[in-house]
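Please read the structure below before turning to the comments.
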Amino acid sequence: MLTYKRITSTEHIDFLKAWNLYERSFPENERRHIEGQRHALGLKNYHFNIVLKDDLFVGILFWWDFKTLQYIEHIAISPNRQSKGLGSEIMKDVISRVGTNPIILEVEPPITDIQIKRIQFYNKLGFKINDYNYTQPALQESTEAVRLHILSFPSTLNLEEYNTFITTYHAQIFSHMKI
């Protein structure tokens, strides 16, 4: 059985375990700096979760709940738990909890084998790739903006939905990145 434990402070006993997986799983230009993360932890619509399966740490799920849509910022599975279907199980669980609200996430363009497999993974779950020219803002002072693709569930975003994501939600998500 999957359970999620929300962490709201860097002082939490499980924070370092989650932070270590986060740093190992994502390149620097796709991660928050610790100060930005510390700030985001205090925001009511940001969820920094560790994922437990049968009470054992198996991964992380960082996401934003905006009532009308959910944005998945990061999901990662512990290396010793990968290739066991946990990523699919977590994503199916998220989809079942959200109801009819759209879910948005970002992925790298399909250039390498792993990037292609990542998009295929999300496609199998019902996520659709959006054809908008999208660049994620620089997440730290020392990094540059990153060209990514927006994926959405259960359908692609129309132009109005995409623009709302960028003008309304995007500003909230990324305003805390460079702190």
Side-chain angles (χ1 to χ4, degrees), residues 2 4 6-8 22 25-33 36-37 39-51 59-77 86-112 114-140 143-179:
L2 288 174
Y4 305 90
R6 187 173 183 183
I7 295 174
T8 57
Y22 176 60
S25 301
F26 299 95
E28 182 180 17
N29 64 346
E30 294 181 26
R31 293 192 317 253
R32 290 178 186 274
H33 187 277
Q37 189 66 257
H39 177 79
L41 288 171
L43 301 173
K44 71 176 185 171
N45 53 355
Y46 178 66
H47 298 260
F48 181 112
N49 291 333
I50 63 167
V51 182
I60 57 173
L61 176 65
F62 303 169
W63 65 283
W64 293 79
D65 182 3
F66 292 113
K67 299 207 190 297
T68 59
L69 73 85
Q70 279 66 42
Y71 168 74
I72 297 175
E73 187 171 295
H74 292 98
I75 178 173
I77 306 300
L86 286 168
S88 292
E89 186 176 353
I90 292 166
M91 290 304 299
K92 287 175 183 176
D93 188 53
V94 168
I95 289 167
S96 73
R97 291 169 185 259
V98 167
T100 60
N101 287 342
I103 302 170
I104 297 174
L105 56 85
E106 302 160 337
V107 294
E108 297 163 319
I111 298 168
T112 68
I114 191 76
Q115 293 164 337
I116 292 167
K117 287 179 184 178
R118 187 173 295 121
I119 290 175
Q120 291 170 343
F121 166 80
Y122 288 116
N123 286 158
K124 286 179 187 174
L125 292 166
F127 282 81
K128 311 291 188 234
I129 196 160
N130 289 264
D131 287 329
Y132 299 107
N133 188 12
Y134 176 74
T135 303
Q136 182 187 72
L139 305 184
Q140 299 183 34
T143 64
E144 295 183 10
V146 181
R147 177 151 162 35
L148 298 172
H149 288 297
I150 297 280
L151 295 176
S152 55
F153 177 91
S155 60
T156 57
L157 303 173
N158 63 40
L159 185 57
E160 182 181 342
E161 291 168 323
Y162 174 77
N163 285 335
T164 299
F165 172 66
I166 297 301
T167 59
T168 303
Y169 304 116
H170 205 260
Q172 293 177 56
I173 294 164
F174 296 107
S175 67
H176 314 97
M177 296 306 251
K178 294 184 182 181
I179 292 174

Of all the heavy-atom pairs spanning [X] and [Y], show the shortest one and how long it is.
X	Y	value
Y46	L41	CD2-N, 4.0 Å
I150	I104	CG2-CG2, 3.8 Å
S25	A76	OG-CB, 3.5 Å

[atom1] of [X] to [atom2] of [Y]: how many Å apart, nearest 0.5 Å?
X	Y	atom1	atom2	result
I72	H47	CD1	NE2	12.0 Å
F26	E73	CZ	CD	9.0 Å
T112	K117	OG1	NZ	9.5 Å
L159	T164	CG	OG1	9.0 Å
I77	I60	CD1	CD1	9.0 Å
L148	Q115	CG	CD	9.5 Å

Derivation and outcome, side chain to side chain contact (heavy atoms under 4.5 Å, CB included), residues I75 and V94
CA-CA 11 Å; I75 178 173; V94 168; over 6 Å; no
With a 4.5 Å limit on heavy-atom distance, are the side chains of [X] and [Y] in contact?
X	Y	value
F121	M91	yes
I166	Y132	no
L2	E89	yes
N158	E161	yes
E108	I119	no
Q120	P110	no
I103	W63	no

So, the side chain of E30 versus the backbone of P27: is there a donor-acceptor pair under 3.5 Å, distance only?
no
Parallel, tilted or perpendicular, as decided by the 30° and 60° cut-offs, for the rings of F174 and Y71
perpendicular
Quick one: which residue pairs count as a salt bridge (charged side-chain N to carboxylate O under 4.0 Å, His left out) with a foot in residues 92-107, not counting sequence neighbours?
D93-R97
Side-chain donor-acceptor pair present, Y169, T68, cut-off under 3.5 Å:
yes
Do H170 and Y134 have a side chain donor and acceptor closer than 3.5 Å?
yes
Proximity of Y122 and F153 rings by center, below 6.0 Å
no
Could you go through the side chain to side chain contact (heavy atoms under 4.5 Å, CB included) check for I173 and F66 one step at a time?
CA-CA 10 Å; I173 294 164; F66 292 113; 3.8 Å; yes
Would you say that more than 12 heavy atoms from the other residues, nucleotides or ligands in this model lie under 6.0 Å from the CG of D65, or not?
yes
Where do L105 and H74 land on the side chain to side chain contact (heavy atoms under 4.5 Å, CB included) test, with the steps shown first?
CA-CA 8 Å; L105 56 85; H74 292 98; over 6 Å; no
Derivation and outcome, side chain to side chain contact (heavy atoms under 4.5 Å, CB included), residues R32 and F62
CA-CA 11 Å; R32 290 178 186 274; F62 303 169; over 6 Å; no
